Each structure stands twice: as structure tokens, then as C-alpha cells.
Amino acid sequence: MGTLYADALVTDPAVFQEDWVPADFRHRDAELNLLSTALEPVISGEPAGDAFVWGPSGSGKTSATRYLLDALHERADGLDTHYLSCWTDRTRHAVLYSVLEGLGTAPGKRRTAVSAGELRSRIEDGVDRPVVVVLDEVDQLESPDVLYDLYHTPGLAIVLVANREDQVLARLEPRLRSRLANATSVQFDRYDLDALVAILAQRAEHGLRPDVVSRADLEHVADVAAGDARDAIRILATAVRLAASEGAESLSPETVDRAVPAARTELRETRRERLGEHQYALYTVISSAGEISPGEAYERYADRVEEPRSRRRVRDYVSKLVEYGLVTVHGQNRGRRYRAVDGETRTK
DNA sequence: ATTCCACGGGAAAGCATGGACC
DNA sequence: GGTCCATGCTTTCCCGTGGAAT
């Protein structure tokens, strides 16, 4: 519904989407060069080196990696590269299946009576020339065994993308860890204010009508986003939508200020909408209590739903809610409390 | 000091689902 | 159409922890 109004200010809504990568990707030259050195052997048909890409959220890891893959494709036809996110493909089977899809030799449907081991050997058979596989959000992997599968496929180079190096490495077997020690490590840092402003300006230039935003607006947004480009872009998008729905012709500092909590609420809403019936009920219980003990939370949850899941299962739901950033836990053992994350008290 | 018990999380087994193969 | 089988979700059983009760 917003689009009707938004047209007045927006010429290309795509610039506000997560996967929009500008034609000229800037401010990450050193990181791109490093990663490129590891990967570019594929252009001449040589095996690429493995790589780690680390950095906080919104620091450009995903965009830079995708940009580089595109750039490699421009320099050579018919490269085999595959990008997948472990957020959606989190099990061994799902990852292997996705890689096979990338190779173009996947069995018919995703949910298939073909075992993970069988998928693995099909990958080994299918890789007859150097391949690059990017595993984004690799810290979301349910079990990292699959890295072992991929690592043992000759000619297949893996690029692991995650927030923190130690979080991923700690979960690997020592054998795999030491073999990955040769991988190129590329560290991303938070954007500084100027870079963030430039990134926003690029979006504005491509997707907004002239004079909708001023440099001061962008600085304001960049300042609030604290080095996180994803946040910055989302806040800008929300602010523009807000301004458009109110019939304004340009942004104001006041609109930006209102957009900040709105953008964060929106993010939480979309996460909440993705919850299943039981996780939703549990979240509602925790959220309406503000803070609650595990036992009490379970009792109330069980009252709320028709067929309550077991306590054990509900513990897993809690871990998921924590993973989604909707809930935090405090204390140990008996003193444990679940706390809902609301708009005002953000984690970090 | 000893026992109790709320809690978290690993392991294994049961079950429903739906693709693969005949 | 019928059978086989792998996955993913779930329950059941269990053990380690550490603060509270005895």
C-alpha cells in the first residue's frame, strides 16, 4: 500500500533491498583485493583458495562477496560459483543439496529420498573443474560436518562468511581447523561515518528523486546506524516511506528520528511473523510478562495452546527465540530468567 | 555436609511426510 | 499404485550444574 505514495519520492525501490549491490562497490577495496587473490585462480581454470570472511553485521561482507563473484563472472565465461545462505540451508542435507543445485545436477526436489552421503558423492563426481562455494551466515549451520564434506571435494573452494571467526572455528574438529588454517582470512570492520554516508548517497542517487534527501539527512541516518550499513539502509527506507505517506516532498530530521524506532519495530515484526504457532505462543508469554522464569513460562505456554509440546522441545524453542534476537536469557540454573527484547532496550 | 531440584542440553528412538523407483 | 527410505520434528530418557533446603 505504501508504494502508491512512495512513487512520489522513489524511482527505484530495489535500492533499499538487502540484495541490491551497486555497480561500483566502494569502500572495501583492500578486503576485495585480498579475497580476489584467493579466488581468481578459477578464472584460468585453477583451483581457488579457501577463504574466511569475518566482520560485524552490516559491514558489507555479503555484498562484497557477491560483488566479487559477479566481477569474476565478468572476467571469464561459465565459471562455477555458488552462493548459499546457511540461514535457510542449515542442515548437512540442505547445504549439500543446494551445492548440487549450483552444479546443475540436483535430484528433482529438495526433500528427497537421497541421503546426505549420496549427495556428497554426487558432488564429488560433479566437480570436474574448479568451483567456488560461498557459505554465508555459516554460524547458523546446525552442525558443521558439512564443511568437512565440501573440504574433501578436490577442486572445490569454500568461502565461509560469519560474524566472528572464533565462533565458527570452535565448532570444527581440530583436523579440519588446521587444514583451514591456510585459508585467506578477510576481516571487515564497521563502516566509518563517511563511508556510510557515501553508501546511502549511492542508494539515494539510484533510487530516489532528486532533492528528497539532503546530505544532513544522510549524515543523521548514518550516525544513528553506528557503522551498520544494513541498519542505515533500512532506516533510510523507512524514513522515506514515512515522509511519502505524509505527503512530504523531502525528508526532515524529525522524520528520520521517528523512522529509527519504526525500522526496528518492523524488523522485529517480520521476525515474529515467521514464528510457528508454538514459538509464537511462547514468545507472547515471555513478551507480555516482560521477564519470567522458565518453569512459569512453560506453564503459561501450555495453557495457551491446544496441544502443548514437551518441556524439552520448548527449551529448544527458547534457544531459537534467542537466536532470532527476540528473547534474552539471564542467570544460571534456578535463577534463570527469560526476557523479551523490546524496541527500547536493544541488545548492544 | 548432604540432599533436593529447576534447569539446560545430548542422545536415541518414534512418527509423519513425501520423493524415488519399480 | 505400492513400497522403500531419508529427513525433520518430536518425545523420552538421561546426566551435569549449581543454588536452596534439610
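Just so we're on the same page: letters track the sequence lines, and every chain starts at 1. These figures come from a predicted structure and were not determined experimentally.
- A cation-pi contact, defined as under 6.0 Å to the ring centre and within 45° of the axis, links Arg66(A) to Tyr83(A).
- Straight-line distance from the CG atom of Leu141(A) to the P atom of dG8(C): 12 Å, rounded to whole Å.
- The backbone N or O of Thr284(A) lies less than 3.5 Å from a partner atom in the side chain of Ser288(A), making a donor-acceptor pair.
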Practice problem: Scan nucleotides 11-17 of chain C nucleotide by nucleotide, 5' to 3', and note B when protein non-hydrogen atoms come under 4.0 Å of the base, S if they reach only the sugar-phosphate, - if neither. | Solution: BB----B
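- Between Tyr317(A) and Tyr301(A), the angle of the ring planes goes over 60°, which puts this pair in the perpendicular group of the 30/60° scheme.
- Ion pairing between Glu266(A) and Arg234(A) fails under the 4.0 Å rule for side-chain N and carboxylate O.
- Asp139(A) has no carboxylate O lying under 4.0 Å from a charged side-chain N of Arg164(A), or vice versa, which leaves the two without a salt bridge.
- A side-chain donor from one of Ser214(A) and Asp217(A) sits under 3.5 Å from a side-chain acceptor of the other.
- Using a 4.0 Å cut-off between charged nitrogen and carboxylate oxygen, Arg300(A) and Asp303(A) do not count as a salt-bridge pair.
- Counting to the nearest Å, the P atom of dG8(C) and the CG atom of Asp89(A) are 10 Å from each other.
- Residue Arg92(A) contributes atom CZ, which lies 13 Å from atom P of dA6(C) at whole-angstrom precision.
- The stretch residues 274-306 of chain A comes close to DNA chain B through Pro294(A), Gly295(A), each having a heavy atom under 4.0 Å from the strand.
- Among the nucleotides dG9(B), dA20(C), dT7(C), the one closest to any side-chain atom of Ser319(A) is dG9(B).
- Relative orientation of the Tyr97(A) and His93(A) rings is parallel, given thresholds of 30° and 60° on the angle between their planes.
- Using a 4.0 Å cut-off, some side-chain N or O of Tyr338(A) falls inside it from OP1 or OP2 of dG8(B).
- In this structure, His93(A) atom NE2 and dC5(C) atom P are separated by 15 Å, rounded to whole Å.
- Among the protein residues, Ala94(A) comes within range of no part of the nucleic acid, since none of its heavy atoms lies under 4.0 Å from any strand.
- Taking each heavy atom of Tyr67(A) and Ala23(A) in turn, the nearest pair found is CE1-O, 3.4 Å.
- In this structure, Lys320(A) atom NZ and dT10(C) atom P are separated by 12 Å, rounded to whole Å.
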